[in-house]
Amino acid sequence: MIALADCNNFFASCERSIRPELEGKPIVVLSNNDGCIIARSNEAKALGYKMGEPVFKVRDKLVRNQVHVFSGNVALYRDISEKIMHILASECNAMEIYSIDEAFMDFTDVAAPDEKAILLREQVLKETKIPISVGIAKTKVLAKLASRIAKKHTQSGVFVLNDKELIERALSYYSVEELWGVGRKQTHLLNDKGIFQASQLAKTDEAWLRRHMKIGGVRLARELNGIPSFALEENRPSKKSIMTSRSFRREVASFGVLNEVLSNFASSCAFKLRKQETIAKKIAVFIQTNRFKSDVKHHYGYLEVEFPVATNDSIEIIKAVYEALDRIYDRDCLYKRAGVIVSDIIPDKEIQLNLFSDQDISKRAKLMKVYDDVNCKMGEGTLRLSIQGTEKQWGQKKAPIAFRN
DNA sequence: TCTGGGGTCCTAGGACCC
DNA sequence: TCTGGGGTCCTAGGACCC
């Protein structure tokens with residue numbers, strides 16, 4: 001059996017855990033620049049606040065409802081998460097930390113899974129003040145579903161989804177879009193074929209699933225039928241890509257400002273690389289105008305630099321960032337978002353110090369895209385910007401740009 | 001005025017080779 | 001006018017997750 005432990009309203013619960021007087025009060029936690037709502041307590045959910053909702057649209061309502069509003073404090077959430085994961089790990093043989101607030105536990109040899117889960121829940125609550133829900137089933141997908149049921153329909157916060165009839169009832173109750181791995185696109189596809197309930201998906205022909213939903217669809221249906229198709233990944237490998245990016249509070253035009261923030265992002269990426277004892281072969285820089293603004297020229301600049309020798313050295317990465325920015329910066333644009341991505345990450349086998357000249361960097365800046373007048377739209381089921389438009393290949397290096405601060 | 005910040009996996013199709 | 005067939009590797013982009 002697999003148990004999924006899932007923290008309830010994690011960020012909101014973290015804020016409450018250090019302020020017990022907020023018990024029973026509505027709480028929301030905001031993203032960078034206090035832009036969006038990214039977590040809500042049950043009370044805030046009941047008042048109708050949505051995940052990802054822009055704060056400016058509900059500012060008055062927040063005041064009216066006397067909601068307690070917090071700017072996100074990721075360092076705190078990470079600390080609390082580590083504490084919880086430590087408790088969970090000490091109580092099972094194998095565990096996969098799936099996200100900051102979720103972990104799959106191997107409950108194979110547990111005699112009474114429900115009793116154990118209840119004890120575990122109590123321990124976490126006592127030591128961290130964070131309420132968790134635990135779903136137990138034969139597969140990850142079913143355990144996910146079980147944790148939903150645990151969260152919404154039980155007093156104990158624990159639910160075992162193992163009985164055959166119970167599984168059938170649950171799958172008839174939930175729609176396909178509520179399943180782990182089914183997003184907007186797949187929901188549409190399934191609904192078009194008359195498949196609405198999870199129970200229908202479980203009975204769908206495998207050949208059809210393979211053709212239309214690829215291997216993911218096949219695995220999903222198998223999991224619903226109690227056949228494990230997603231393994232517990234105990235030793236999560238180090239990250240394959242690392243990104244540091246931010247939206248600015250106000251739009252910026254200045255090369256100097258962009259260069260400064262991107263240099264900080266570069267250091268941050270280098271630090272994260274060193275922390276997991278890895279080095280990266282590639283770095284990418286992107287800058288982007290406000291995607292929500294209509295009737296203006298949108299600009300998206302993206303440049304990748306490949307290092308001759310993989311590195312996690314801040315100075316080298318910052319130098320590459322400067323080069324990249326110099327080539328994608330357009331002085332006529334107002335920028336709203338910028339970021340640095342390191343990828344092609346490999347283990348840091350030996351300590352290397354390979355400084356190379358700026359000229360080397362520009363030679364290595366292989367791939368370059370600048371999109372102008374892009375048709376910006378929200379990707380389906382995701383906040384990521386998808387870019388459609390004509391790619392303007394990099395030709396001549398731009399004339400030097402004066403610093404404007 | 002104001003709209004988050006991370007990640008992963010899978011696949012199609014092009015590049016390239018014999 | 002004729003103009004193979006396979007195989008592998010790489011990468012961009014889609015879809016999804018928290």
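Throughout, protein chains are lettered first and strands after them, A, B, ... in sequence-line order, and every chain is numbered starting at 1. As the structure is a prediction and not an experimental result, all values here were calculated from the model.
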Original post:
B/dG6, C/dA15, B/dG4: which one has an atom nearest the side-chain heavy atoms of A/Q186?
Top reply: C/dA15
Original post:
Do A/T204 and A/K193 have side-chain atoms, one donor and one acceptor, less than 3.5 Å apart?
Top reply: no
Original post:
Watson-Crick or G-U wobble partner for B/dC18, using a 3.5 Å limit on both distances?
Top reply: C/dG5
**OP:** Whole angstrom is fine here: how far is it from CZ in A/F70 over to P in B/dG4?
**Re:** 21 Å
Original post:
Which nucleotide, C/dC16, B/dG4, B/dT8, lies nearest any side-chain atom of A/S31?
Top reply: B/dG4
Original post:
Is A/V74 touching bases, backbone alone, or none of the nucleic acid, heavy atoms closer than 4.0 Å?
Top reply: nothing
Subject >> Atom pair distance, as rounded to whole Å: CG in A/L209 and C1' in B/dT11 >> reply: 17 Å
Original post:
Mind checking the P distance from B/dT3 to C/dC18? Whole angstroms is fine.
Top reply: 25 Å
**OP:** For B/dT3, take OP1 and OP2 only and decide whether either is under 4.0 Å from a side-chain N or O of A/S247.
**Re:** no
Original post:
For DNA chain B, whose closest nucleotide is more 5', that of A/K239 or that of A/K336?
Top reply: A/K336
**OP:** Describe the nucleic acid contact of A/L179 in one word from base, sugar-phosphate, nothing, applying a heavy-atom distance below 4.0 Å.
**Re:** sugar-phosphate
Original post:
So which nucleotide from B/dG6, B/dT8, C/dC18 ends up closest to the side chain of A/S241?
Top reply: B/dT8
**OP:** Please determine if A/K126 and A/E122 form a salt bridge, counting it only when a charged side-chain N lies under 4.0 Å from a carboxylate O.
**Re:** no
**OP:** Grab the CZ-P distance between A/R250 and B/dT3 for me, whole Å please.
**Re:** 11 Å
Original post:
In whole Å, what is the span from the CG atom of A/N33 to the C1' atom of B/dT3?
Top reply: 11 Å
Subject >> Whole-Å gap separating P (C/dC16) and CH2 (A/W180) >> reply: 14 Å
Original post:
Heavy-atom distance under 4.5 Å between the side chains of A/Q197 and A/S175, does that happen here?
Top reply: yes
Original post:
Distance check: side-chain N/O of A/S99 vs OP1/OP2 of B/dG7, anything under 4.0 Å?
Top reply: no
Original post:
In whole angstrom, what separates A/D101's CG from B/dG5's P?
Top reply: 19 Å
Original post:
Think A/R219 has a side-chain N or O under 4.0 angstrom from the OP1 or OP2 of B/dC10?
Top reply: yes
**OP:** Would you mind reading off the distance between A/R249 atom CZ and B/dC2 atom C1', rounded to a whole angstrom?
**Re:** 9 Å
Original post:
Are OP1 or OP2 of C/dC18 and a side-chain N or O of A/K144 less than 4.0 angstrom apart?
Top reply: yes
**OP:** Indicate whether OP1 or OP2 belonging to B/dC9 is found under 4.0 Å from a side-chain N or O atom of A/K214.
**Re:** no
**OP:** Report which part of the nucleic acid A/E53 touches: base, sugar-phosphate, or nothing (heavy-atom distance under 4.0 Å, all strands).
**Re:** nothing
**OP:** Between B/dT11, B/dC2, B/dG6, spot the one nearest the side chain of A/I215, thanks.
**Re:** B/dT11
**OP:** Scan A/K240 against the nucleic acid and name what it touches under 4.0 Å (heavy atoms): base, sugar-phosphate only, or nothing.
**Re:** sugar-phosphate
Subject >> Presence of A/R246 side-chain N/O under 4.0 Å of B/dG6 phosphate oxygens OP1/OP2 >> reply: yes
Subject >> Passing option when A/E251 is tested against A/R337, A/K293, A/K336 for side chain to side chain donor-acceptor pair (under 3.5 Å) >> reply: A/K293
Original post:
What does A/D34 touch in the nucleic acid at a heavy-atom separation under 4.0 angstrom: a base, only the sugar-phosphate, or nothing?
Top reply: nothing
Original post:
With a 4.0 Å cut-off on heavy atoms, is A/I242 in touch with a base, just the backbone sugar-phosphate, or nothing at all?
Top reply: sugar-phosphate
Original post:
Does B/dG5 have OP1 or OP2 sitting under 4.0 Å from an N or O in the side chain of A/R337?
Top reply: yes
Original post:
How is A/L30 classified with respect to the nucleic acid when contacts are heavy atoms under 4.0 Å: base, sugar-phosphate, or nothing?
Top reply: nothing
Original post:
Atom CZ of A/F248 and atom C1' of B/dG4: how far apart are they, to the nearest Å?
Top reply: 14 Å
Original post:
Do the side-chain N and O atoms of A/E43 and A/Y49 include a donor-acceptor pair separated by under 3.5 angstrom?
Top reply: no
Original post:
Want to settle it: does A/E251 or A/S245 sit nearer the 5' end of DNA chain B, counting the closest nucleotide to each?
Top reply: A/E251
Original post:
Is there side-chain contact between A/L88 and A/L120, with at least one heavy-atom pair below 4.5 Å?
Top reply: yes
**OP:** Rounded to the nearest 0.5 Å, what's the gap from CZ on A/F10 to OG on A/S17? Could you check?
**Re:** 8.5 Å
Original post:
Using a cut-off of 4.0 Å on non-hydrogen atoms, how would the nucleic acid contact of A/F10 be classed: base, sugar-phosphate, or nothing?
Top reply: nothing
